[in-house]
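Data block below; observations after.
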Amino acid sequence: MPPKAFAIDPRYFQVIFQSFFLCYGILYLQWEADWQHYIISVGGCLLFSYAAESIKRKEFLQLAREKSKAKSGNEGWIPSSWGFSVLISAMSLCLLLKVNYWYISLLAAFITVTSKYIFRFDHKHFFNPSAIGIVATVFLTRDAWLSPGQWGSNAVIFFAVITLGTIVVTRVQKLDVSLSFLFTFVGLLYWRQVFILGWPIDHFLHSVSTGSLLLFTFFMISDPKTSPNHPMARIIWAVLIAVISFYLTAFKWKYNTSIWVLVAAAPLVPVLNKLFIAKDFHWNPSMISLRFISKFKTIVMK
Amino acid sequence: MNAFTKKLAALIILTGMIIHEAAAFCGFYVSKADGTLKNKTSQVILVRDGNRNVVTMYNDFKGNPKDFAMVVPVPVVLNNRDIKVVDQQIFMTLNDYSKPRLVEYYDQNPCNQYQYDKLEGKVPGLSLSEVVVTGYGAQRKKDLGVKIEAKYLVGEYDILILSAKESSGLKTWLEENGYKIPAGADEVLAPYIKSNLKFFVVKVNEEEKKKLPGNFLRPLQISFTSPKFMLPIRLGMANADGDQDMIVYAFTKKGRIETVNYRTFSLPSSKNVPLFVKNNFGNFYTNLFQHQWDKEGKAIAILEYAWDVSPKNFVKCDPCVATAPSVQDLVQAGVWWLNRDWTDYSDADNEEEDYSDNVYFTRLHVRYNRTKFPQDLMFQVTPNKENYQARYIVTHPANGNFDCEAGKKYLKELKQRCTDEITMLAYLTGKGYSDWDVVVNDEGEKIMPAEAAYETVSNGMGKNSRRNNTLLFATIGFMGMISVLGFRKRKIK
């Protein structure tokens with residue numbers, strides 16, 4: 001009997017995990033939940049995306065399902081053609097960005113959405129929407145910031161393992177970018193802190209047990225639409241980002257360097273795409289084959 | 001709260017906080033004798049804007065000045081004019097201004113027309129003056145790769161700034177000079193030296209000290225420019241078992257500071273607590289702090305106060321339990337950008353016309369130890385200008401008779417409120433009614449109606465101070481269901 005295969009839009013995985021982290025933060029870590037910011041980020045992103053997509057296609061998009069079928073073939077209850085990706089970006093904004101006023105949230109949502117339409121090369125946007133939304137808002141206004149310490153370090157390694165495990169099992173997204181970034185960055189930190197400076201190992205472990213790193217590695221840099229197409233190019237690009245982030249963290253004493261470097265390195269993506277030719281990425285429900293579960297079943301139950 | 005009760009509260013706090021070893025803070029106080037110290041809380045004022053820092057370290061040493069010695073890692077070699085001695089009063093002012101507070105409200109008997117409008121603020125009498133046993137070191141010259149970069153006499157202190165090539169050399173030099181290095185400090189000397197930090201070594205100059213009145217040592221203030229915004233607490237972690245406390249008063253132009261490598265946690269605030277806490281506030285807060293610190297995993301910095309203290313802002317606290325720091329106090333504390341003395345030409349070569357009238361104050365309380373804090377504290381300045389204070393509320397019940405309709409309703413509400421207060425007490429401090437040595441000496445409490453009395457109420461409750469995880473699990477379950485919705489079976493083509 002052929003193994004059952006499920007089709008799941010990979011973006012579901014992202015939304016679910018990000019929602020989980022948000023709930024963990026609000027309910028367990030008792031963050032001061034800025035509901036205004038969350039609502040405006042998500043609502044604003046959806047609103048601007050709807051408006052932008054409508055303007056682009058010169059027609060009002062239907063909110064109902066039928067229309068979305070045409071674009072991506074997924075009958076999910078969220079209109080995939082214009083809403084899903086931006087929902088993920090909005091969740092990143094909720095998780096990472098902190099603001100003083102509601103209009104800053106709105107500005108962040110606006111930049112996140114419109115960057116996809118303004119900064120394009122070869123019919124593709126090249127800035128990671130949430131990354132540039134965050135960076136531009138922090139840079140342009142004096143009322144936005146990031147809190148790298150908001151996660152604590154207790155459960156982070158555990159979550160990282162769960163996230164990695166889920167991705168490996170379901171193969172819901174490619175791991176080459178994430179892992180090459182992670183290994184390079186962590187490796188460089190280890191080398192510097194433990195070998196060069198001589199800190200004890202728990203000092204190094206503390207450095208890497210941060211939720212921001214986890215989110216960035218598995219949810220931001222891995223965005224397939226804004227990373228290079230060819231696997232080799234992706235690895236080079238991820239390693240480059242890791243090296244520069246490390247340099248800024250270790251020698252210039254900056255925080256949140258990865259996101260800034262990601263935005264700065266985004267214009268490289270089209271260049272790399274020209275050098276290393278490969279097919280563009282499109283959101284498809286990826287066939288997650290749970291073959292190994294059937295195998296496991298046959299082994300156990302036989 | 002009269003003076004006696006204040007002192008009593010202070011005593012209760014001090015006995016409540018048990019800390020084991022001779023502690024240091026940004027650096028370490030080093031001993032000749034093996035002193036065991038209780039209740040040591042370091043205090044430090046940090047002022048930061050851009051890359052410029054001013055750090056003021058409270059010196060609570062009370063003993064023979066000959067025995068005092070201090071070592072602090074600093075990122076650059078400081079100039080003479082970057083080191084100052086300031087009045088220790090600033091620390092009392094800041095502490096009194098920003099400590100956790102208790103607010104009292106009075107209920108009005110709905111059957112009477114007589115109204116109580118009193119609103120008072122009470123504070124725990126947190127006085128921080130404890131003995132520090134420190135070491136004696138003869139001042140001798142270099143060697144062992146240890147170079148004396150600078151040598152100053154500032155106020156009553158002899159200051160040396162050392163740079164070292166390797167940690168064993170530095171360690172030997174310090175030991176030879178009579179500084180007994182705590183065991184935990186050993187493993188951080190090497191990384192500090194390799195990170196190019198200098199060591200700011202302080203001892204008391206006998207003659208200068210004699211010229212000054214009083215038997216205390218004044219706080220030292222250092223200014224320097226460095227991109228690092230941190231407190232090197234690792235050096236002060238003498239003992240793997242002991243917890244040490246540090247209170248950080250931070251001033252910035254933009255907004256709150258927070259730790260970036262540890263979580264900054266705001267205590268649950270503006271909560272109603274039982275009436276008997278009023279006479280026990282110090283003890284209550286000590287327990288609250290310890291319990292919350294424990295519950296949140298210990299590797300946290302706790303926010304106790306955050307407020308915009310710019311001169312143009314008239315409301316500096318709510319309620320105010322002490323005078324807010326004045327502009328002069330702030331300038332003393334190191335807030336250079338408020339200083340607008342146009343007639344002062346002493347800083348002729350200081351080109352920065354850096355005047356601004358925005359000042360934001362943050363008070364962080366960190367309880368740290370070696371296991372949970374493997375790194376030095378690193379901070380960032382955020383534009384978060386939201387005000388916060390650790391504030392707890394007691395409400396005196398009304399008295400008189402409650403025979404009228406509204407009175408009976410009030411009694412029911414009172415009982416509910418007392419139940420809630422006991423629950424809140426357990427949630428905040430992890431202790432139930434039976435754990436408290438309740439001293440009833442308040443008129444209002446004596447005549448509390450029987451059914452609403454705390455004893456009655458608490459007997460009907462279980463001890464419940466665990467975090468409520470139901471909501472979290474419910475959310476996860478819900479999300480799980482949604483994720484299942486996202487699955488669609490597809491025929492394999």
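Chain identifiers are assigned alphabetically (A, B, ...) following the order of the sequence lines, protein sequences preceding nucleic acid strands; residue numbering begins at 1 within each chain.
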- Could you please state which residues from residues 94-105 of chain A sit under 4.5 angstrom from chain B, measuring non-hydrogen atom to non-hydrogen atom, sorted by number, or 'none'? N100(A)
- Under 4.5 Å to a heavy atom of chain A? For Y388(B) that would be neither
- Inter-chain contacts: residues 145-153 of chain A against chain B, heavy atoms under 4.5 Å: W145(A), L146(A), S147(A), P148(A), G149(A), Q150(A), W151(A), G152(A)
- Message: Suppose we call two aromatic rings close when their centres sit under 6.0 Å apart. Are F373(B) and H206(A) close by that rule?
- Response: no
- Message: Need one label for S207(A): side chain, backbone, both or neither, based on atoms under 4.5 Å from any heavy atom in chain B.
- Response: both
- Query: Which atoms form the tightest heavy-atom contact between L29(A) and E296(B), and what is the distance?
  - Reply: O-OE1, 4.4 Å
- Item | Centroid-centroid under 6.0 Å between F204(A) and W191(A) rings | no
- Which bit of L205(A) comes within less than 4.5 Å of chain B, counting heavy atoms only: side chain, backbone, both or neither? neither
- Measure distances from T210(A) to the heavy atoms of chain B and classify the residue's part below 4.5 Å as side chain, backbone, both or neither. neither
- Item | Atom pair OG1/CG of T217(A) and L213(A) - distance to nearest 0.5 Å | 4.0 Å
- Message: Once side chain to side chain contact (heavy atoms under 4.5 Å, CB included) is applied, do any residues pair with P268(B), and if so which ones, sequence neighbours excluded?
- Response: F265(B), K271(B), Q292(B), Y427(B), L428(B)
- Query: Between F218(A) and F17(A), does the ring centre distance come in under 6.0 Å?
  - Reply: no
- Query: What do the steps show when you test T137(A) against I111(A) for side chain to side chain contact (heavy atoms under 4.5 Å, CB included), and what is the final call?
  - Reply: CA-CA 8 Å; T137(A) 312; I111(A) 296 178; 4.3 Å; yes
- Message: If we define contacts as heavy-atom pairs under 4.5 Å, which of I193(B), T382(B), I300(B) has the most with chain A?
- Response: T382(B)
- Query: Of all of M230(B), K385(B), Q380(B), R263(B), which one pairs up most often with chain A through heavy atoms under 4.5 Å apart?
  - Reply: R263(B)
- Item | salt bridge (charged side-chain N to carboxylate O under 4.0 Å, His left out) involving D49(B) - partner list, sequence neighbours excluded | K253(B)
- Message: Is it the case that the ring center of Y262(B) lies less than 6.0 angstrom away from the ring center of Y368(B)?
- Response: no
- Heavy-atom contact with chain A under 4.5 Å, split by part of Q375(B): both
- Nearest heavy-atom contact between Q18(A) and S92(A) is NE2-OG, 3.0 Å
- Note on the structure: The side chain to side chain contact (heavy atoms under 4.5 Å, CB included) partner of F379(B) among V260(B), I257(B), T252(B) is I257(B)
- Item | D294(B) with R367(B): basic N within carboxylate O range, under 4.0 Å | no
- Side chain, backbone, both or neither: which part of S195(B) has a heavy atom under 4.5 Å from chain A? both
- Query: Does the pair D376(B)/R234(B) count as a salt bridge with the N-to-O cut at 4.0 Å?
  - Reply: no
